[in-house]
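In what follows, chains carry the letters A, B, and so on, assigned in the order in which the sequence lines appear, proteins first and then strands, with residues in each chain numbered from 1.
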Amino acid sequence: MSIGSEFDHLMRGVDTVLPETELAERLAEGRPLRVKLGLDPTAPSVTLGWAVVLRKLRHFQESGHTAVLIVGDFTAQVGDPTGKSETRKRLTAAEVRGYAERLLDQFAKVLLPEPLEVRFNSEWLEELDMAEVLELTSKVTVAQMLERDDFRKRFDGHQPISVMEFMYPLLQGYDSVAVSADVELGGADQLWNLMMGRVLQERYGHRPQMAMTMPLLIGTDGEHKMSQSLGNYVGVMDDPADMFGKIMSIPDRLMPQYFELATEVPPQEIIDQFDGLASGDVHPGDLKRRLAREIVDLYHPGQGLPAEAAFDQVFRHSGVPDEIDEFTLDASADQWIPGVLTAAGLTSSNGEARRLIAQGAIKLDGKKIDGESIDRSDLVSCVLQVGKRRFLRLRG
RNA sequence: GCCGGGAUGCCCGAGCGGUCAAAGGGAGCAGACUGUAAAUCUGCCGGCUUCGCCUUCGGAGGUUCAAAUCCUUCUCCCGGCACCA
């Protein structure tokens with residue numbers, strides 16, 4: 001790859017690079033850069049949101065640079081105060097360990113196996129003794145801490161800020177010192193933290209890293225940043241049909257962002273597609289299908305088209321998906337549908353199920369049911385459906 | 001430390017002795033319309049095989065025929081004052 005196209009590839013979708021001119025300079029040095037990305041295992045899944053930065057890390061790998069992926073097992077327990085208006089609840093060591101284990105496989109779905117260094121930051125953070133911690137804290141002033149917006153606001157508003165929260169950026173920054181990062185990647189909300197890494201490296205007499213941030217991907221609700229706690233996410237481990245469906249449900253206005261940040265479709269092609277959309281040559285539904293296929297193919301190679309077919313089967317032809325959960329009926333001749341639905345987990349309570357029946361949302365083999373009880377013999381081998389997307393195959 | 005205000009359902013927020021499972025909004029779910037988009041309209045939105053019953057209004061006690069609503073106490077938050085610097 002030439003320097004020019006490599007540079008363009010690395011800059012795809014990027015939000016901010018600081019200092020601006022330095023990326024070209026470092027690339028020109030012609031050696032593999034050490035590109036750090038730190039992720040705290042505070043939840044069990046890699047979402048398309050995290051995948052945005054992970055993909056960027058992969059772009060660096062593709063150019064021969066070394067990906068230094070830091071699993072923040074130690075920092076996860078401290079808790080990143082970024083964007084929080086209040087003190088965050090702390091996770092237990094066991095929770096963090098459990099998440100970290102599950103995440104490692106998922107990272108592998110996005111990154112290349114080489115060149116890659118995976119490090120846990122407890123490796124060095126746990127080893128710091130009090131004298132070293134004090135030295136670390138002496139490198140940064142309280143005024144610098146308060147430059148950060150969320151700290152500033154809380155401080156001015158007399159909201160509590162624990163000293164431990166001040167420690168978070170220091171620890172994350174210390175990671176950069178520990179791994180000698182040339183570049184650190186992060187979400188747009190991490191810029192301040194990344195710059196802290198730069199400051200600390202300088203104070204420790206190392207060459208300061210540059211910071212590169214990616215925009216925060218908006219979740220399927222079309223409003224908030226994608227996050228597991230909000231439930232508006234698509235996980236890279238979601239099965240193809242699920243992934244396809246979730247992408248189809250995002251608001252249209254999110255499509256450009258998703259194409260740019262969550263796919264590898266060449267920039268010029270994206271521009272052409274949206275030009276087509278503006279002129280009416282491309283139908284928004286078709287473009288969204290393309291988007292969904294592209295994303296599914298990224299995490300389940302070759303599954304984009306089958307996922308689309310499954311989607312059409314259900315939503316275009318009002319059919320039933322090929323793979324659905326099964327439920328074995330008990331022996332009673334008279335089956336009470338709300339009980340079945342709730343036992344199978346399709347509804348959360350009998351009351352909810354009864355209401356849905358009253359609203360005409362429950363179908364048996366595609367036909368609306370109106371009563372609550374049905375003969376067992378009329379149910380066996382049939383498909384019970386709640387709304388458009390919840391299905392259950394009944395077994396005798 | 002003192003004085004005052006507050007804690008309500010997933011979230012925000014009314015209620016201030018009975019007619020309160022608790023107004024209103026948001027989120028969510030379902031129906032119509034669609035491209036599983038947006039916008040809009042409609043219904044539902046604690047549990048229970050439900051004209052009734054049960055568990056909820058920060059925790060624990062108490063007063064009352066009756067408490068989210070009154071009293072006591074505990075916990076936590078918020079304002080103001082004082083103290084310290």
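Under the side-chain hydrogen bond (donor to acceptor under 3.5 Å, both in side chains) criterion, Asp221(A) pairs with Asn232(A), sequence neighbours left out. Glu22(A) is linked by a salt bridge (charged side-chain N to carboxylate O under 4.0 Å, His left out) to Arg26(A), Arg198(A), counting only residues two or more places apart in sequence or in another chain. The salt bridge (charged side-chain N to carboxylate O under 4.0 Å, His left out) search around Glu326(A) returns Arg395(A), not counting sequence neighbours. Legend: residues meeting salt bridge (charged side-chain N to carboxylate O under 4.0 Å, His left out) with Lys288(A), ordered by chain and number and at least two apart, are Asp252(A). Contacts of His59(A) classified as ring-ring contact (aromatic ring centres under 6.0 Å, His included), with partners at least two apart in sequence or in another chain: His9(A).
Proximity of residues 273-289 of chain A to RNA chain B (heavy atom under 4.0 angstrom from any strand atom) is restricted to His283(A), Pro284(A), Gly285(A), Lys288(A). Residues from residues 249-257 of chain A placing a heavy atom under 4.0 Å of any atom in RNA chain B, listed by number, are Ile250(A), Pro251(A), Asp252(A).
The stretch residues 254-279 of chain A participates, sequence neighbours left out, in these salt bridge (Lys or Arg N to Asp or Glu O under 4.0 Å) pairs: Arg55(A)-Glu264(A), Glu269(A)-Arg290(A). Sorted by first and then second residue, the pairs that involve residues 122-131 of chain A and meet salt bridge (Lys or Arg N to Asp or Glu O under 4.0 Å), not counting sequence neighbours, are Arg119(A)-Glu123(A).
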Polar atom pairs between nucleotides 49-57 of chain B and protein, under 3.5 Å, N or O only, would you list them?
from, atom 1, to, atom 2, distance (Å)
U49(B), OP2, Asn350(A), ND2, 2.9

Distances under 3.5 Å only, N/O to N/O: pair up the protein atoms with those of nucleotides 43-46 of chain B.
from, atom 1, to, atom 2, distance (Å)
G43(B), N2, Gln359(A), OE1, 3.0
G43(B), N3, Gln359(A), OE1, 2.8

Please tabulate, one pair per line, each protein N/O and nucleotide N/O from nucleotides 25-28 of chain B that are separated by under 3.5 Å, including the distance.
none

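Both Gly360(A) and Asp242(A) lie near RNA chain B, and the one whose nearest nucleotide falls closer to the 5' end is Gly360(A).
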